[in-house]
There are 2 protein chains.
Amino acid sequence: MTRQRAVLVAKLAEAEDHPDAVELHRRAEEEMPGISLSTVYRTLSALEGQGVIHRHQFEGASARFEHADAGHHDHMIDVDTGEVIEFCSDRIERLQAELAAELGYDIVHHRMELYVRRKPTS
Amino acid sequence: MTRQRAVLVAKLAEAEDHPDAVELHRRAEEEMPGISLSTVYRTLSALEGQGVIHRHQFEGASARFEHADAGHHDHMIDVDTGEVIEFCSDRIERLQAELAAELGYDIVHHRMELYVRRKPTS
DNA sequence: ATTTATGCAAATGCTTTGCATCCAG
DNA sequence: CTGGATGCAAAGCATTTGCATAAAT
């Protein structure tokens, strides 16, 4: 457990958003000037492998990461602002499992992203 | 409407699978040796812009394309074989719209992919 | 003719990797 | 001590782009 890994885990734990590797690198540099971007990428891959963090590949953007401590959830992306909103629906999850089962499959994992736009204020 | 564009549209219309740009290039070369990969990419982007085809970015793979003539559907990806299975669920679509609406959003488009494994045969 | 698409090669952007060094246990 | 992690620079891969040529209407 190196110092750079500790800093990265800390930054991800305290993050309220879903930063990408470059942004995370910037944040890590605050406490650890000189940390390499390669280390960020390498560490993120390692942490993902251990299930400590999740990687998301939203449309037309570089990979974004979040700490895995919160339970499972899916994402809505505001196409105008880029803001990411988390949400969760047991009903949808159940339906997904049913659909897969009907076709003879088990779900290993899934990905559901809603690209949304704020409703016009009436 | 150039010959290369016609070939590409034809190849996509007859495709039963979801080829990526390189595979499509290979298929196009059968009828049009010398067609450039850049042209394939450029044409695919143009066709996508016109809504003629759809682009999918599945996990850890290059973009894959399909003709848009079939109605809307989502995808299951067999993580062992890479096979892509199409499916559709109005109930899930409705739930998604409801969830977005509850949070004050309209859905622009969405992406739902189930990464699955064939059920063990009992 | 004149606009638009093509082919080629070079550039891009994100991510990964080889290798020598450094740090942690 | 010694293996694994780091920093740097270079490579990789999918995709895009600049530009001169060629083809389409």
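Order of the sequence lines fixes the chain letters, A, B, ..., with proteins taken first and strands second; residue numbering starts at 1 for each chain. On a predicted model such as this, the values are computed, not experimentally measured, just so you know.
With sequence neighbours excluded, the residues that form a side-chain hydrogen bond (donor to acceptor under 3.5 Å, both in side chains) with Glu66(B) are His18(B), His56(B), His73(B), His75(B). Residues satisfying the salt bridge (Lys or Arg N to Asp or Glu O under 4.0 Å) test with Asp80(B), not counting sequence neighbours, are Arg117(B). With sequence neighbours left out, the side-chain hydrogen bond (donor to acceptor under 3.5 Å, both in side chains) criterion links Glu29(B) to no other residue. Every residue two or more places apart in sequence or in another chain was checked for a side-chain hydrogen bond (donor to acceptor under 3.5 Å, both in side chains) with Glu83(B), and none qualifies.
Rounded to 10°, the helix from dA1(C)-dT25(D) to dC14(C)-dG12(D) has 30° between the axis fitted to its first five pairs and the one fitted to its last five.
Between Glu30(A) and Arg27(A), none of the side-chain N atoms (NZ, or NE/NH1/NH2) sits under 4.0 Å from a carboxylate O, so this pair counts as no salt bridge.
Through side-chain heavy atoms spaced under 4.5 Å, either directly or across other Ile, Leu, Val, Met, Phe, Trp or Tyr residues, Val84(A) is tied to Phe58(A), Ile77(A), Val79(A), Tyr115(A), Val108(B). Under a 4.5 Å side-chain heavy-atom cut-off, the cluster of Ile, Leu, Val, Met, Phe, Trp and Tyr residues that includes Met1(B) has no other member. Annotation for Val22(B): hydrophobic cluster partners, listed by chain and number, are none (ILVMFWY side-chain heavy atoms under 4.5 Å, direct or chained).
Proximity of Thr39(A) to the phosphate of dG7(D): a side-chain N or O atom is located under 4.0 Å from OP1 or OP2.
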Legend entry - Protein proximity profile, nucleotides 20-25 of chain D - base contact B, sugar-phosphate-only contact S, no contact -, cut-off 4.0 Å on heavy atoms: -----S
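With 3.5 Å as the limit, one finds no donor-acceptor pair spanning the side chains of His72(B) and His109(B).
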Please write out each protein N/O paired with an N/O of nucleotides 13-16 of chain D under 3.5 Å, distance rounded to 0.1 Å.
unit_1: dT15(D); atom_1: OP1; unit_2: Ala63(B); atom_2: N; d: 2.9
unit_1: dT15(D); atom_1: OP2; unit_2: Tyr41(B); atom_2: OH; d: 2.7

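Sorted pairs that involve residues 84-106 of chain B and meet ring-ring contact (aromatic ring centres under 6.0 Å, His included), not counting sequence neighbours, are lacking altogether.
Taking 4.0 Å as the cutoff to heavy atoms of chain B, we find the contact window on DNA chain C bounded by dA5(C) to dA9(C).
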Legend entry - Worked check of side chain to side chain contact (heavy atoms under 4.5 Å, CB included) between Glu93(B) and Asp74(B): CA-CA 10 Å; Glu93(B) 311 268 310; Asp74(B) 294 292; 3.1 Å; yes
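For the pair Ala68(A) and Gly51(A), the tightest heavy-atom approach, listed with the atom from each and the gap, is CB-O, 3.5 Å.
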